[in-house]
Amino acid sequence: MNAFDWLQNLPFADTESACKVVEVSFNNGSRKDFFRNNALQHFDKGEQVTVEGVSGVDVGEINLTGEIVRLQLRKRGINEFDPEMKKVLRRANERDLELLKVNKAREAEAVIRARAIARQLKLEMKISEVEIQADGRKATFFYIADDRVDFRELIKIYASEFKVKVEMRQIGARQEAAKVGGIGSCGRELCCSTWLTDFKSVNTTAARYQNLSINQTKLSGQCGRLKCCLNYELDTYLDALQGFPDRADTIRVARGTANLIKKDIFKNLMWYVLPESNKQYPLTIERVRKIQSLNAQGITPDELEAVDVTSSKPKEVEPEFVDVVGQISLRSLEKNDRRRKQQQQQQRQKPAGPRAGGGQQPGREPREAREQREPRGQVPPQGGQGGRQGQQPKPQGQQPKQQQGQPRPQGQQGQGRQQPGGDRPQGNRPQGERPQGGRPQGGERQQRPPRQGGQQRPGGPDRQGGERPDSGANTPRNEGPKE
């Protein structure tokens with residue numbers, strides 16, 4: 001037990017009146033005793049001191065000093081000036097500490113051997129702990145037994161076995177739990193191992209006053225007895241229950257006799273249950289007293305008039321477990337899926353060209369797509385023959401290039417001559433642009449020399465000057481040689 005001396009800084013004018021007794025703990029606080037400090041040496045808490053023992057010396061640790069020791073002596077009824085009180089000899093030296101370490105190492109083996117001997121003698125007892133004095137001359141055996149045990153023969157065997165002076169001390173289950181230690185159901189260290197010094201009797205009446213269910217498993221501590229903490233709030237419950245009516249275990253109403261099942265000291269309610277029904281009815285203290293007075297006059301009320309104990313505070317909804325598997329996806333995957341869906345929708349909404357036969361032949365390009373690909377009014381020549389008749393003239397400023405190796409159609413002015421080698425890119429020129437080999441600057445047309453030897457330009461007669469074709473067609477025609 002880690003005790004705090006809350007009176008250590010208390011000043012005293014008279015040093016002669018200061019307490020000359022100190023409290024010393026042994027075996028890690030499992031046993032404590034008081035010793036007189038005759039030398040008036042100043043000891044701090046936690047110091048190792050050598051004190052008088054049984055037929056020898058013992059080594060312990062300073063636990064309390066000063067005026068708080070005087071309060072502990074009054075609490076336990078010990079005379080501060082008792083001449084038989086043992087004394088503090090000195091501070092523990094290295095030899096004392098080494099001897100203490102050697103003898104403490106024997107305790108674990110002594111417990112096992114002592115239990116085996118008690119079992120051989122068929123004694124109904126349990127050896128809980130063995131404490132050997134620092135000088136190794138005395139050993140104290142702590143045991144638990146329900147009945148009285150005759151251990152006269154056991155003491156002789158222990159004395160010859162361990163070569164020490166034997167002392168047998170009987171303890172209870174609570175003291176054993178205090179020596180062993182542990183963690184209680186509250187999550188803290190056991191009270192008996194830390195601060196609880198005296199053990200009061202605990203019975204099930206304390207649990208009934210506090211409206212606790214009589215469950216031996218839940219109400220029992222590690223020692224197997226009822227928990228000591230059942231007495232902590234018992235006085236508070238007894239004071240609060242004084243305001244409740246007496247002899248109110250049963251009250252009579254029209255439906256039968258109602259039996260009291262519990263009392264709520266926090267809400268000042270009394271809960272009753274009617275026969276042949278499991279429903280509980282909370283009644284106020286005033287209502288119970290009124291029913292009692294009516295029953296005393298021989299009047300039976302019709303109803304209990306239970307109150308509504310529904311809390312107006314909204315209940316907090318606990319979040320439920322949500323399975324997010326499949327709900328989280330990467331943005332890149334969502335973007336790819338969205339793009340794929342858009343492409344599929346565009347393919348479904350793409351219009352199909354009309355056809356006389358009631359449908360489009362497989363493998364044939366629609367008319368609208370063909371007109372978009374090739375400007376209207378231009379048909380590429382086939383096999384050097386003339387094009388179709390009645391085609392519309394090509395819009396000015398939009399003149400498609402001629403494919404490599406094909407003759408230049410008649411009536412096309414403003415285009416440059418085709419470069420040899422076919423390096424010139426193919427395709428339609430954008431509207432509004434003129435090729436580099438077109439009309440020269442100044443607005444004059446360039447005159448071409450006549451052909452020698454009656455040669456004829458393939459695809460139509462040679463044009464002179466800046467004459468334009470009569471029909472305005474851009475496609476070449478098959479005409480005879482020009483005379």
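Sequence positions, counted from 1, serve as the residue numbers for this chain.
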Other residues, nucleotides, ligands: >12 heavy atoms within 6.0 Å of [X] [atom1]:
| X | atom1 | answer |
| --- | --- | --- |
| K263 | NZ | yes |
| Q120 | CD | yes |
| E189 | CD | yes |
| Q210 | CD | yes |
| D146 | CG | no |
| R115 | CZ | yes |

Which heavy-atom pair separates [X] from [Y] by the least distance, and what is that distance?
| X | Y | value |
| --- | --- | --- |
| L269 | P282 | CD1-CB, 4.2 Å |
| G181 | S193 | CA-OG, 3.4 Å |
| A306 | L283 | CA-CD2, 3.6 Å |
| I214 | A207 | CD1-CB, 4.0 Å |
| R252 | P301 | O-CD, 3.5 Å |
| A206 | L230 | CB-O, 4.1 Å |

Pairing residues for R208 by the side-chain hydrogen bond (donor to acceptor under 3.5 Å, both in side chains) criterion, not counting sequence neighbours: T204

Quick check against the 3.5 Å criterion: does [X] have a side-chain atom that pairs as donor or acceptor with the backbone of [Y]?
| X | Y | value |
| --- | --- | --- |
| Q222 | I183 | yes |
| T194 | C191 | yes |
| R287 | L304 | yes |
| E23 | I68 | no |

Steps toward side chain to side chain contact (heavy atoms under 4.5 Å, CB included) verdict (V24, I62): CA-CA 5 Å; V24 181; I62 296 292; 4.1 Å; yes

Plane angle bin for F266 and Y237 - parallel if under 30°, tilted between 30 and 60°, otherwise perpendicular: perpendicular

Non-hydrogen side-chain atoms of Q72 and K75 separated by less than 4.5 Å: yes

Any side-chain heavy-atom pair of Q175 and R169 under 4.5 Å: no

Side chain to side chain donor-acceptor pair (under 3.5 Å) partner of N27, the single match among K179, E129, E131: E129

Salt-bridge present (E107, K104; N to O < 4.0 Å): yes

Output the distance between atom [atom1] ([X]) and atom [atom2] ([Y]), rounded to the nearest 0.5 Å.
| X | Y | atom1 | atom2 | value |
| --- | --- | --- | --- | --- |
| N231 | C229 | CG | SG | 9.0 Å |
| L241 | N211 | CG | CG | 8.0 Å |
| R289 | I291 | CZ | CD1 | 13.0 Å |
| L274 | I251 | CG | CD1 | 8.5 Å |
| W271 | L260 | CH2 | CG | 12.0 Å |
| F199 | R225 | CZ | CZ | 12.0 Å |

Stepwise side chain to side chain contact (heavy atoms under 4.5 Å, CB included) test for Y143 and Q170: CA-CA 5 Å; Y143 70 95; Q170 185 176 3; 3.5 Å; yes

Intermediate values then yes/no, side chain to side chain contact (heavy atoms under 4.5 Å, CB included), K227 and S185: CA-CA 10 Å; K227 294 180 180 179; S185 58; 2.7 Å; yes

Listed partners of R339 passing salt bridge (charged side-chain N to carboxylate O under 4.0 Å, His left out), at least two apart: none

Criterion side chain to side chain contact (heavy atoms under 4.5 Å, CB included) on F244 and V288, from CA distance to verdict: CA-CA 9 Å; F244 284 76; V288 174; over 6 Å; no

